[in-house]
J.: 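Structure incoming, see below.
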Amino acid sequence: MIPAGGCATFSAMPMVAVRRLASILVLASLSLSCERAPCSGVVCGASELCNPTDGECHCGELDGPVCGAAATCLAASLSCLPDPARCGSGTRWFPGAMAFEEVTDAWGLRGVEGTRLTVTDIDGDGWADLEVRRGAAEVEAQDGPRRVWLLRNTGAGFEDVTASSGFLTRRQPGGGGRPVDVVAWGDVDNDGDLDAFSAIPTSDPERSGGETTEILLNDGTGRFTLGPAGSPIRRTDSVDAPAAASFVDVDHDGVLDLWVPQAAYTGTLGQLYLQNDRLWRGDGSGRFDDVTAERGLLTTGWDSMDDIDAARAHTQGWAGAACDLNGDGWAELLAASYGRAPNHLWLARAGGLGFDNRSVASGYAFDQNLTWEDNENARCFCQANRAAEGCGTLPAPRIACTEGGWVHERDRRPFRLGGVSAATFCGDLDNDGDIDLLTSEIRHWWAGSGADAGEVLLNDGSGTFTRPGRDAMGLAIDHRTVAWDEGHLSGAIFDFDNDGWLDVYIGGTDYPRNRGRLYRNQAGAVLGFTEVFPSAGLDHNRSHGIAIADFDRDGDLDVIVGHSRARCAPSEPNDCYETSQIRFFRNVAGDGGNFVQLRLEGGPGTNRAAIGARARVTTPDGVVQTREVDGGHGHFGAQEDLVLHFGLGAHCEAEVEIRWPDAALSTQRFRVTSGHRFHVVQGRSPALAP
């Protein structure tokens, strides 16, 4: 540093800057005397050097960045750490406080209806956009009811850009728009914008209108064109039945691949068909090739109940996910199954060499409760067949019995005592550094305790899970009636009050008495949750479909939820609304709280959207939060914002570690301060995001 009012001596400076400064001072001395040097009178902070060329204080080196008065110089990384934009005592919701307020009309969403929602940023402006679908896929008629919306966030509301964006462009001639059933977002060609995977079932040509699953390429402004016509992912020679989609780089070659679980479909003669879930390898142009077999993901038909119990048979896919469950840097693939079929968990071999089936061994396939005796259909069977195994002392059924409701040899098997799994969500719920799971299930009272409930699965760090049970987690539901149904199809894991601990939302729909339920993480030494009742502002019946993002960029996470009108029952509580109108609930619980947001961008060898990157944020009290950039998950396509949000509790700064999904699993560490969104390009110092 050059002393105020005097000349610098080399001995007073760090040796790293001496050589650069010497040459600059020689030139400067030709035209300036020491007393009139540009740095005369300039007082720089610690680790800053005044450059005589411009008279500015530069961080770390003479040509380092100029931090200014509102930032701290980090000389080791030649970067500037901005002062906190927020530095308060922290926020944490408590019973009796409001958590959300509805702003649906104010944000221009009146008339938008749907049950499937994703978050995206179609034009890269930093404002989270919204994609909405209503019901099963069919051709978007020009004069019929709307089924699909692509909505651009202007910062003050949403504008409908569905038509102008080309999102529904047809490949076949004809009017109307292409049908859309499953959606996921990722930068498939690494050009810096988010492209779309838009998938449809093709078993019914009339509903699909001759259209197929497509990749939609973004030009960077939010306008889309159809991807390669010859891409095998279109499946023009076979029936496609997509149930979900997850972008993931399975081989860490820097190009996104796609995991697409397959649902069951009905053939022309009414038969039910199952098929293998699919893994597609991207080539960086928008083309995807089927690598299911070569990556070890083949399953069998439903010919052997032993194979079904062992999760070696096809799933009846209803959802998917991809996240790193054993911490080795390589993402596992998950498929949640409908209709009493085991869920599948495929453990990635390190190095991207393929996958091994760990569905049952991991504890994900189904729970270990094999109770069948309280199934009302079993009691019907036993009432008529007292000599059958286990039937002698079963109570009388509480339902009107019908023939064929129970097959005694089949329905006592593990796969039949599993669940109807609608979705799986990945997140570190207990802040212990590994990714836990939350499942959602459809469940009926008459199926008994053996039928799996949606619950938390706690990871031991190796990708093996224990199920403490809903009661132990504080997630139990008091149904208040003997007969009840749980239609838990969608949900989310997010920190709604910025306290640094992930909370849980479970969407309840499609049956009477179902509503959305928000649970706050108690942030204790033992994981547990407390319900945030609807009176706190998030009051929504038949909640189906959810999008979570900081839509208004005020530093906390907002909620947009969809609505299903299936099985409406006016005489029952929590009945359907008049339409499937989506609703926007603005977060007020986190207002003024400390937070940091990270927008990650992959460099060479990493997919540019940084999908699969893992961020760990450590606050001064030692709490470590772990998040991964989501490439899509959930029941027929849901997706979180690619911008990672961390509540910081009472803290105003934190340490960050990023593990990038490249071949070397490169890591990057830096400090952040509260109240900012940082744009982190791999290998560069973080910068404030616009």
Side-chain angles (χ1 to χ4, degrees), residues 91-120 127-132 134 149 151 153-158 425 440 488-499 502-509 514-521 529-564 574 576-593 595 597 634 638-641 643 645 647:
T91 52
R92 185 162 177 76
W93 181 86
F94 57 88
M98 292 300 293
F100 294 89
E101 64 178 9
E102 186 174 1
V103 293
T104 303
D105 290 348
W107 276 71
L109 292 174
R110 182 58 55 186
V112 178
E113 300 182 32
T115 57
R116 299 170 184 173
L117 290 74
T118 61
V119 179
T120 182
W127 292 86
D129 304 317
L130 184 66
E131 175 272 327
V132 180
R134 181 170 64 89
W149 286 261
L151 304 167
N153 186 346
T154 68
F158 289 97
F425 312 98
S440 65
H488 297 170
L489 296 176
S490 57
I493 296 174
F494 67 110
D495 179 5
F496 82 90
D497 58 355
N498 276 338
D499 69 344
L502 288 173
D503 309 301
V504 163
Y505 183 83
I506 298 173
T509 187
N514 274 253
R515 60 173 173 85
R517 296 174 181 268
L518 176 65
Y519 297 87
R520 169 183 156 267
N521 194 324
F529 297 87
T530 301
E531 185 169 1
V532 179
F533 290 106
S535 58
L538 190 50
D539 184 1
H540 190 60
N541 295 348
R542 308 296 186 92
S543 183
H544 189 5
I546 186 168
I548 304 289
D550 185 4
F551 289 106
D552 55 6
R553 290 198 62 171
D554 67 346
D556 49 35
L557 293 174
D558 308 304
V559 176
I560 300 178
V561 287
H563 178 71
S564 171
N574 306 112
C576 306
Y577 303 124
E578 290 185 3
T579 71
S580 293
Q581 169 72 50
I582 67 171
R583 299 173 71 190
F584 182 1
F585 293 94
R586 189 184 80 83
N587 190 325
V588 298
D591 281 355
F595 75 95
Q597 295 173 350
Q639 192 160 4
E640 300 171 5
D641 191 0
V643 174
H645 179 98

J.: Checking side-chain contact (heavy atoms from CB on, under 4.5 Å) between S564 and each of L489, T509, N514, N541, which is the one that passes?
T.: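 Among L489, T509, N514, N541, the one meeting side-chain contact (heavy atoms from CB on, under 4.5 Å) with S564 is T509.
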J.: Closest heavy-atom contact between G590 and N498?
T.: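 In terms of heavy atoms, the two residues are closest at O-ND2, 3.4 Å.
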J.: Which of these passes side-chain contact (heavy atoms from CB on, under 4.5 Å) with R586: D591, V559, I560?
T.: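 Considering D591, V559, I560, a side-chain contact (heavy atoms from CB on, under 4.5 Å) with R586 is found only for D591.
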J.: Looking at G545, is its backbone amide N or carbonyl O close enough to the side chain of S490 to form a donor-acceptor pair, meaning the two atoms are under 3.5 Å apart?
T.: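 Such a contact is found between S490 side chain and G545 backbone.
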J.: Does any non-hydrogen side-chain atom of D556 lie less than 4.5 Å from one of F494?
T.: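 Side chain of F494 against side chain of D556, heavy atoms only: no contact under 4.5 Å found.
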J.: For V132 and G114, work out which heavy atoms get closest and say how close.
T.: CG1-CA, 3.6 Å
J.: When you measure from the side chain of D503 to the backbone N and O of F496, does any donor-acceptor pair fall under 3.5 Å?
T.: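 Checking the backbone N and O of F496 against the side chain of D503, a donor-acceptor pair under 3.5 Å is found.
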J.: Mind checking the CZ-CG spacing from F595 to D554? Nearest 0.5 Å is all I need.
T.: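 Between F595 CZ and D554 CG, I get 8.0 Å after rounding to 0.5 Å.
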J.: Excluding sequence neighbours, so at least two apart, what forms side-chain hydrogen bond (donor to acceptor under 3.5 Å, both in side chains) with D539?
T.: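 Partners of D539 under the side-chain hydrogen bond (donor to acceptor under 3.5 Å, both in side chains) test: none.
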J.: If you round to the nearest 0.5 Å, how far is NE2 of H544 from CD1 of I582?
T.: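 The NE2 atom of H544 is 14.0 Å from CD1 of I582, to the nearest 0.5 Å.
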J.: State which residues pass side-chain hydrogen bond (donor to acceptor under 3.5 Å, both in side chains) with D552; sequence neighbours excluded, sorted by chain then number.
T.: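 Residues passing side-chain hydrogen bond (donor to acceptor under 3.5 Å, both in side chains) with D552: none at all.
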J.: Which residues pass the ring pair (Phe, Tyr, Trp, His ring centres under 6.0 Å) test with Y577, sequence neighbours left out?
T.: H540, H563
J.: Given D558 and I548, is the side-chain contact (heavy atoms from CB on, under 4.5 Å) satisfied, shown in steps?
T.: CA-CA 6 Å; D558 308 304; I548 304 289; over 6 Å; no
J.: Backbone N or O of T104 within a donor-acceptor pair of the R110 side chain at under 3.5 Å?
T.: no
J.: Taking all heavy atoms of R515 and all of P534, pick out the closest pair and write down the distance.
T.: NH1-CG, 3.6 Å
J.: Say you draw a straight line from CD1 of I506 to CD1 of I546; how long is it, rounded to the nearest 0.5 Å?
T.: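 So the CD1 of I506 and the CD1 of I546 are separated by 10.5 Å.
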J.: Considering all heavy atoms of both residues, which atom of Y505 and which atom of S543 are nearest to each other, and what is their separation?
T.: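 Answer, listing the atom of Y505 first, then S543: OH-OG, 2.7 Å.
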J.: Donor-acceptor check, side chain of R520 to backbone of W93, threshold 3.5 angstrom: yes or no?
T.: yes
J.: Return the minimal non-hydrogen interatomic distance between R542 and C576, and the atom names on each side.
T.: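 Shortest heavy-atom contact: NH1-SG, 3.4 Å.
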J.: Would you please name every residue forming a side-chain hydrogen bond (donor to acceptor under 3.5 Å, both in side chains) with T115, sequence neighbours left out?
T.: none
J.: Could you work out, with side-chain hydrogen bond (donor to acceptor under 3.5 Å, both in side chains) as the rule, every residue matching Q581, not counting sequence neighbours?
T.: none
J.: Using every non-hydrogen atom in the two residues, find where G555 and D550 come nearest and quote the distance to one decimal.
T.: N-OD2, 2.9 Å
J.: Starting at CZ of F158, measure out to CG of D129 and round the result to the nearest 0.5 Å.
T.: 7.0 Å
J.: How long is the gap from CD on E131 to CD on Q639, to the nearest 0.5 Å?
T.: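 If I round to the nearest 0.5 Å, the distance is 10.0 Å.
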J.: Listed by chain and number, what are the side chain to side chain contact (heavy atoms under 4.5 Å, CB included) partners of A128, not counting sequence neighbours?
T.: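 Partners of A128 by the side chain to side chain contact (heavy atoms under 4.5 Å, CB included) criterion, ordered by chain and then number, come out as V119, A549, F551, D641.
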J.: Determine, step by step, whether V112 and L151 satisfy the side-chain contact (heavy atoms from CB on, under 4.5 Å) criterion, reporting the C-alpha distance in whole Å, the side-chain angles of both residues, the deciding distance to 0.1 Å, and the verdict.
T.: CA-CA 10 Å; V112 178; L151 304 167; 4.1 Å; yes
J.: If you apply the rule side-chain contact (heavy atoms from CB on, under 4.5 Å), what do you find for W149 with L130, and how did you get there?
T.: CA-CA 8 Å; W149 286 261; L130 184 66; over 6 Å; no
